[in-house]
Amino acid sequence: MKPSVLVVGLGRFGTAAALELMSLGHEVLALDRDESVVNDIAPNVTHAAQLDATDEGALRSVGAGDFEYAIVAISSVTDASIFATMALKNLGVQQVLAKAASKLHGSILERIGADRVVYAEAEMGARAAHSLSIAGVVDYLDVAPRFGMVKIRPPQAWVGKSLKALDLAAAQLSPVALRRGNDVTINPSLDTVLAASDELILLGRDQHLERIGR
């Protein structure tokens, strides 16, 4: 059975996380101080409640300490996310992922016990930048400084050619997976011939990814 997850803060990030967790088969308790957003999400999650997540007593009253995982999705009000993270760790939540608005905010969250800090706006900005510099990009994931994984639709010049003919190794790119319709192939064969509707996942340095389609 998949673990239950507590989601604190139901802005875009928190709501998206809660709904995706539900689709993955987790039970979700969604919390926010705004009654209207709680009412909006309530039909789509396991449980939803209106409360102030900076109040450790209020969190205890809904059984927050029984959760192994929690997402603190508040970032616009930094003190609220800090106090909510502290309260959850005090209650014994083992893994707390917290969203940060800045490096300073993230540093504070790490110091008070957040197990993982994410910078959603910064990550989306980086993805947007790469979407302009890599031909046919669908999505981009930063793996290390100047090193990434990209999902692309094959450039027109690649369509009808095999991975062997494209000689991606010479371009210092590694094909990780290929999606064709609903089928996904991990480490596709070099004999695979690309179709225009395929989605190919490649791993490599940014400078080499940016040469795709040139």
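Computation of the quantities below employed the complete heavy-atom set of this structure, encompassing side-chain atoms and omitting hydrogens, waters and symmetry-equivalent molecules.
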(message) Under the side chain to side chain donor-acceptor pair (under 3.5 Å) definition, can you give me all pairs with a residue in residues 5-20, not counting sequence neighbours?
(response) none

(message) With clusters defined by side-chain heavy atoms of hydrophobic residues (ILVMFWY) lying less than 4.5 Å apart, directly or transitively, does Leu91 cluster with Val5?
(response) no

(request) Check whether any side-chain heavy atom of Leu88 lies under 4.5 Å from a side-chain heavy atom of Leu59, and answer yes or no. (result) yes

(request) Write out all pairs satisfying side chain to side chain donor-acceptor pair (under 3.5 Å) with one or both partners inside residues 181-196, taking only residues at least two apart or from two chains. (result) none

(message) So, using side chain to side chain contact (heavy atoms under 4.5 Å, CB included) as the criterion, who are the partners of Gln172 when residues are at least two apart?
(response) His208

(request) Find out whether Val72 and Ile82 are in side-chain contact, i.e. whether some heavy atom of one side chain is under 4.5 Å from a heavy atom of the other. (result) no

(request) Looking only at non-hydrogen atoms, find the nearest pair between Val45 and Ala30 and report the distance. (result) CG2-CB, 4.2 Å

(message) According to salt bridge (Lys or Arg N to Asp or Glu O under 4.0 Å), does anything in residues 58-72 pair up with another residue at least two apart or in another chain? List the pairs.
(response) Glu56-Arg60

(request) Side-chain contact test, heavy atoms from C-beta onward, threshold under 4.5 Å: evaluate it for Pro188 versus Leu163 and give yes or no. (result) yes

(request) List the atom of Asp206, the atom of Gly148, and the distance in Å for their closest heavy-atom pair. (result) OD1-N, 3.6 Å

(message) Through direct or indirect side-chain contacts below 4.5 angstrom among Ile, Leu, Val, Met, Phe, Trp and Tyr, which residues connect to Ile186?
(response) Val184

(request) For Lys164, enumerate each residue passing the side chain to side chain contact (heavy atoms under 4.5 Å, CB included) test, keeping only those at least two apart in sequence or located in another chain. (result) Ser162, Leu190

(request) Would you mind reporting whether Ile74 and Val8 have side-chain heavy atoms less than 4.5 Å apart? (result) yes

(message) If you define the side chain from C-beta out and look only at heavy atoms, does anything of Phe67 sit under 4.5 Å from Leu29?
(response) yes

(request) Could you tell me which residues satisfy side chain to side chain contact (heavy atoms under 4.5 Å, CB included) with Ala42, sequence neighbours excluded, listed by chain and number? (result) Ala48

(message) Treating Arg153 as the side-chain partner and Pro155 as the backbone partner, does any N or O pair qualify as donor plus acceptor under 3.5 Å?
(response) no

(message) With heavy-atom distances below 4.5 Å as the criterion, would you say the side chains of Leu173 and Leu209 are in contact?
(response) yes

(request) For the residue pair Leu6 and Val28, establish whether any side-chain heavy-atom pair is separated by less than 4.5 Å. (result) no

(message) Would you say Ile71 ends up clustered with Leu24 if hydrophobic residues are merged whenever their side chains have heavy atoms under 4.5 Å apart, either directly or through other cluster members?
(response) no

(request) Go through the structure and list residues passing side-chain hydrogen bond (donor to acceptor under 3.5 Å, both in side chains) with His105, not counting sequence neighbours. (result) Ser81

(message) Rounded at 0.5 Å granularity, tell me how far CG in Leu21 sits from OH in Tyr69.
(response) 11.5 Å

(message) Let me confirm one number: the OG1-CG distance from Thr78 to Leu104, rounded to the nearest 0.5 Å.
(response) 8.5 Å

(message) Once salt bridge (charged side-chain N to carboxylate O under 4.0 Å, His left out) is applied, do any residues pair with Arg180, and if so which ones, sequence neighbours excluded?
(response) Asp198

(request) Can you tell me which residue pairs pass the salt bridge (Lys or Arg N to Asp or Glu O under 4.0 Å) test with a partner in residues 69-94, sequence neighbours excluded? (result) Lys89-Asp115

(message) Ignoring hydrogens, what is the shortest heavy-atom contact between Ile41 and Ala18? Give both atom names and the distance.
(response) CD1-CB, 3.9 Å

(message) Tell me the closest heavy-atom pair linking Gly14 and Val7, and the distance in Å.
(response) O-CG1, 3.6 Å

(request) Apply side chain to side chain contact (heavy atoms under 4.5 Å, CB included) to Val118 and list each qualifying residue two or more places apart in sequence or on a separate chain. (result) Phe13, Leu97, Lys99, Arg116, Glu123

(message) Please find the pair of heavy atoms, one from Ala53 and one from Ala87, that lie closest to each other, and give the distance.
(response) O-CB, 4.3 Å

(request) Please confirm whether the backbone N or O of Val193 pairs with a side-chain atom of Lys161, one donor and one acceptor, at under 3.5 Å? (result) no

(message) Tell me whether His26 contacts the main-chain N or O of Pro3 through its side chain, where contact means a donor paired with an acceptor under 3.5 Å.
(response) yes

(request) Enumerate the residue pairs fulfilling salt bridge (Lys or Arg N to Asp or Glu O under 4.0 Å) with a member in residues 22-41, sequence neighbours excluded, ordered by first and then second residue. (result) Arg33-Asp52

(message) Quick test of your reading of the model: are Asp139 and Lys151 salt-bridged, counting only N-O distances below 4.0 Å?
(response) no

(request) Determine whether Trp158 and Leu168 make a side-chain contact, defined as any pair of heavy atoms from C-beta on separated by less than 4.5 Å. (result) yes

(request) List the atom of Leu109, the atom of Ala100, and the distance in Å for their closest heavy-atom pair. (result) CD1-CB, 4.0 Å

